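Single-structure report; data block below.
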Amino acid sequence: MSMEASEALGWRSVADLIGDRPDARVALVGAPLNERSLTPGRCDLAPRALRAVLPRFSTYDLETQLELATAVHDAGDVPLKAVTPADAFAPVRDAVAGQSHRDLTVLIGGNNAVTRPGVHGLGLARVGLLTLDAHFDLRDLDQGLTNGNPVRALLADGLDGARISQLGLAPFANTRRAHETALTAGITVRTAADCRARGLAALVAEELDRLAGLVDRIYVDFDIDVIDRSQWPASPGARPGGVPAPDFFAAARVVGAHPGVHAVDLTEWDPSLEIGDLGALTAGRWLCELLAGFQSRG
């Protein structure tokens, strides 16, 4: 057998870890919600695009000599075609709640409106929320639910602002009113500049520990438009000056490792805005880092 054929036979990809695995500690759920996005796009394509790129990632981390071995149960996609955020609430909530016997549920949006039902899937009375996002998502509710107001909706649902941490917020992408609403509600606010100065992973670890002292379970929203737009063009809300992609990956590993985190989502990835395959490869690496962190839980 040739060396080339031998190497090909030895390739084990992250896709090999994912499938119908009823006993897995991690679940993957697609939530291709696209309706009521403030900027029209195709975030509904993201779950399929993520699954398609995973065969390109090996299970071996050269830098840490870690071999990924965590099985992931693929629970499929919640049927959300032409479904509004209001009508998507119960199906997405129930999909997350239905995986509560596992240690971690990974919800792949879809737009950011999936975050509210995802949080409810962990039980609102005992959950904390950490967002990595360029935006507060505190727009008013008078025009209904959109991808611009899941955090405002959660406050209205009764989630205490002290149990919310928001990291990566961008200048000239939010309003004074939203900022004041967050501070009045008791939400912890960390800007993109804070994340550059102190390190995103360090701030994530700090806020996860703070939330763990208040709640039983933590939900993390990875709105991927928090990444600097020069490294992440595949979200309409991404801005220049966001966090670097390597910092985003490091934060994902910290999140995966924290025992208090029981669900995460990845939102606002629009594959129709791809430049080459940069978006898919970024999202795929994010999942690898999340699983690497989770594996360290033991």
Side-chain angles (χ1 to χ4, degrees), residues 14 17 26 28 50 53-54 56-70 72 103-108 128-135 165-170 188-212 218-235 237-269 278-298:
V14 173
L17 302 175
V26 179
L28 180 72
L50 177 65
V53 80
L54 294 181
R56 298 175 63 182
F57 290 89
S58 85
T59 55
Y60 180 62
D61 177 9
L62 179 69
E63 294 180 335
T64 64
Q65 293 87 60
L66 172 73
E67 185 77 40
L68 285 179
T70 298
V72 179
D103 294 326
L104 180 66
T105 299
V106 182
L107 186 68
I108 305 298
L129 171 64
L130 173 69
T131 74
L132 281 69
D133 196 337
H135 308 97
S165 300
Q166 297 194 271
L167 279 59
L169 297 150
T188 297
V189 174
R190 298 286 183 263
T191 67
D194 294 332
C195 296
R196 288 193 298 273
R198 296 191 52 198
L200 179 61
L203 283 177
V204 165
E206 179 180 296
E207 288 305 311
L208 288 176
D209 286 345
R210 183 187 74 82
L211 291 170
I218 300 171
Y219 185 103
V220 180
D221 164 35
F222 287 90
D223 181 333
I224 202 165
D225 71 19
V226 76
I227 299 176
D228 182 86
R229 193 176 184 98
S230 67
Q231 300 173 49
W232 177 256
S235 289
R239 303 295 182 96
V243 305
D247 291 6
F248 188 76
F249 299 147
R253 191 172 292 220
V254 169
V255 168
H258 199 286
V261 176
H262 286 260
V264 306
D265 66 35
L266 184 75
T267 61
E268 297 298 323
W269 170 24
L278 177 60
L281 290 172
T282 301
R285 171 71 181 273
W286 166 83
L287 182 62
C288 293
E289 295 290 345
L290 189 71
L291 293 177
F294 179 83
Q295 194 159 303
S296 73
R297 295 190 193 185

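Keep in mind that what you see is a predicted model, and the values were worked out from it rather than measured.
- To the nearest 0.5 Å, atoms CG (L211) and OG (S165) are separated by 4.0 Å.
- A pairwise comparison of heavy atoms in G168 and C195 identifies N-SG, 3.6 Å as the closest pair.
- Taking NE2 from H262 and CD1 from I218, the interatomic distance works out to 8.0 Å, rounded to the nearest 0.5 Å.
- Taking 4.5 Å as the limit, some side-chain heavy atom of Q231 sits within range of a side-chain heavy atom of P246.
- Shown here for V254 and A201, the closest heavy-atom pair between the two residues is CG2-CB, 4.0 Å.
- Remark: D221 CG to D265 CG distance equals 4.0 Å, nearest 0.5 Å.
- A salt bridge links E289 with R285; the closest basic N to acidic carboxylate O contact falls under 4.0 Å.
- Q295 places a side-chain N or O within donor-acceptor distance of the main-chain N or O of T70, the cut-off being under 3.5 Å.
- In terms of the side chain to side chain donor-acceptor pair (under 3.5 Å) criterion, residue partners of H258 (sequence neighbours excluded) are, by chain and number, D209.
- Using a distance-only test at 3.5 Å, with no hydrogens or angles considered, a donor-acceptor pair links the side chain of D228 to the main chain of G241.
- In this structure, the side chains of L167 and E206 stay at 4.5 Å or more apart for every pair of heavy atoms.
- By the 4.5 Å heavy-atom criterion applied to side chains, L200 and L132 are counted as neighbours.
- Interatomic distance, CZ of F57 versus CG of L17, reported as 13.0 Å (0.5 Å rounding).
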For this session: Go through the steps for Q166 and D223 under the test side-chain contact (heavy atoms from CB on, under 4.5 Å), then give the verdict.
Result: CA-CA 11 Å; Q166 297 194 271; D223 181 333; over 6 Å; no
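- Atoms CG and CH2, from L291 and W286 in turn, are 8.5 Å apart once rounded to the nearest 0.5 Å.
- Among all heavy-atom pairs drawn from S58 and V14, the shortest one is O-CG2, 3.6 Å.
- Put simply, the side chain of S235 never gets that close to the backbone of I224: no donor and acceptor are under 3.5 Å apart.
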For this session: Check the pair D103, V26 against side-chain contact (heavy atoms from CB on, under 4.5 Å), reporting the backbone distance first and the verdict last.
Result: CA-CA 6 Å; D103 294 326; V26 179; 5.9 Å; no
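- Shown here for D194 and V189, the closest heavy-atom pair between the two residues is OD2-O, 4.3 Å.
- Atom OG1 of residue T131 and atom CZ of residue F222 lie 10.5 Å apart, to the nearest 0.5 angstrom.
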Exercise. Do E268 and H135 pass the side-chain contact (heavy atoms from CB on, under 4.5 Å) test, and can you show the C-alpha distance, the side-chain angles, and the key distance before you say yes or no?
Worked result: CA-CA 12 Å; E268 297 298 323; H135 308 97; over 6 Å; no
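- Between the side chain of R253 and the backbone N or O of C288 there is no donor-acceptor pair closer than 3.5 Å.
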Problem set entry | From CA spacing to verdict: side-chain contact (heavy atoms from CB on, under 4.5 Å), L66, L68 | CA-CA 6 Å; L66 172 73; L68 285 179; 4.1 Å; yes
